[in-house]
Amino acid sequence: MSRPVASYLAPAATGAVRVDLPAPGRALAIGAHPDDIDFGCGGTLAKWAAAACSVTELVLTDGSKGSWDPKADRATLVALRQEEQRAAAAALGAGDVVFLGYVDGELGSGLAERAEVCRVIRETRPDVVLGHDPWKRYRLHPDHRHAGFLAVEGIVAARDPHFFPDQGLSPHRPECLLLWEADEVDHLEGIAEFIPAKLAALLAHRSQWVSTMGIAADRAAEEAAFETRIRQRAAEAGAAAGLPLAEAFKRLDRL
Ligand SMILES: [Zn+2]
């Protein structure tokens, strides 16, 4: 059945961008790889942590493909990337980092993975969950798509008592889900004071300097260029609502 065009246009409310949730008591950020959380919402987490929010990071894969060196020892790389993620979380003032350890590049979003994410949501009981937008168009990396679906579907499982009752954990329904790399941005978090913490967290991922951040031989200059890129991205995000620097999200709050 066809619907009048107006009914498709109406809900979009173009330009309707909301700004700044009240700092939640507990937040859980779910990323595919070490460093994804810092790129996606590092400034927001630092801001909330400074307001006494208890922040947990959940990293789904082991990061074992995060090197351009074909001779890199994978076990060493996995250990190094966990260490870097813990340092990055500390730079944001975040607390625990939970690693599920799925093989990098081979993440799925089936029932087994959903159960694990559900368990972490029920254990940490966040008010706000943050994750990748699984509906981002033309996305190449399958882990980011699967990680996004696991955040969404992990919430559905966590809130409903008949999912995974053998976990022996009470159901938990977060109030809000923020998706970064959003296909349709409708929420911004201002991070003007927290861009230094975001940059410090990103730079804690030393193993990714060459491959992801373009920081190699001429360290000082390239580090400055990387910082400029991150600041530019935050400035572009903030422009939609007149914020100097922001992180952009799709916000779902009927969970
Ligand atoms: Zn990633």
Side-chain angles (χ1 to χ4, degrees), residues 27-46 55-70 72 74-89 91-92 94 96-110 113-114 116-117 120 129-154 177-183 185 191 198-216 226 229-230 233-234 237 247-250:
L28 172 67
I30 303 174
H33 311 107
D35 84 10
D36 285 335
I37 291 170
D38 304 298
F39 275 110
C41 64
T44 301
L45 296 183
V55 174
T56 303
E57 298 184 351
L58 171 58
V59 177
L60 298 170
T61 74
D62 61 7
S64 57
K65 290 195 176 58
S67 170
W68 285 355
D69 175 5
R74 289 181 53 204
T76 308
L77 183 60
V78 168
L80 174 63
R81 298 204 67 188
Q82 290 199 356
E83 199 180 296
E84 290 171 346
Q85 187 64 51
R86 288 197 185 93
L92 300 179
D96 287 346
V97 186
V98 179
F99 299 94
L100 287 187
Y102 292 108
V103 175
D104 190 347
E106 301 175 19
L107 183 64
S109 48
E113 295 86 355
R114 194 192 305 171
E116 290 307 306
V117 172
V120 174
V129 175
L130 308 96
H132 301 262
D133 182 350
W135 298 288
K136 172 79 172 171
R137 276 174 285 188
Y138 311 125
R139 177 196 282 296
L140 291 185
H141 205 306
D143 286 352
H144 294 165
R145 185 165 49 250
H146 287 297
F149 281 122
L150 287 171
V152 173
E153 294 165 6
L177 171 62
L178 296 180
L179 300 172
W180 69 75
E181 303 158 348
D183 203 62
V185 169
I191 58 161
K198 177 176 176 124
L199 283 162
L202 286 166
L203 290 171
H205 297 278
R206 294 181 74 98
S207 67
Q208 305 304 294
W209 281 14
V210 175
S211 57
T212 306
M213 303 176 193
I215 303 170
F226 173 69
R229 284 201 301 281
I230 295 298
R233 220 177 285 171
E247 287 169 340
F249 303 95
K250 172 69 185 178

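Every number for a ligand or one of its atoms is a count from 1 in the order of the listing.
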Query raised in the report: Hey, which N, O or S atom on H144 ends up closest to the Zn ion (ligand 1)?
Result: NE2
Report task. Of all N, O or S atoms in H33, identify the one at the shortest distance from the Zn ion (ligand 1). Result -> ND1
Report task. Could you go through the side chain to side chain donor-acceptor pair (under 3.5 Å) check for H146 and H132 one step at a time? Result -> CA-CA 9 Å; H146 287 297; H132 301 262; over 6 Å; no
Query raised in the report: Can a donor-acceptor pair be found between the side chains of E84 and S207 at a distance below 3.5 Å?
Result: yes
Requested in this report: Mind checking side-chain contact (heavy atoms from CB on, under 4.5 Å) for S67 and listing every partner two or more places apart, or none if nothing turns up?
Outcome: D69, A72, L77
Query raised in the report: Does D36 bring an N, O or S atom to under 2.8 Å of the Zn ion (ligand 1)?
Result: yes
Report task. Using the side-chain contact (heavy atoms from CB on, under 4.5 Å) rule, take L203 and F226 through it: C-alpha gap first, then chi angles, then the decisive distance, then the call. Result -> CA-CA 9 Å; L203 290 171; F226 173 69; 4.0 Å; yes
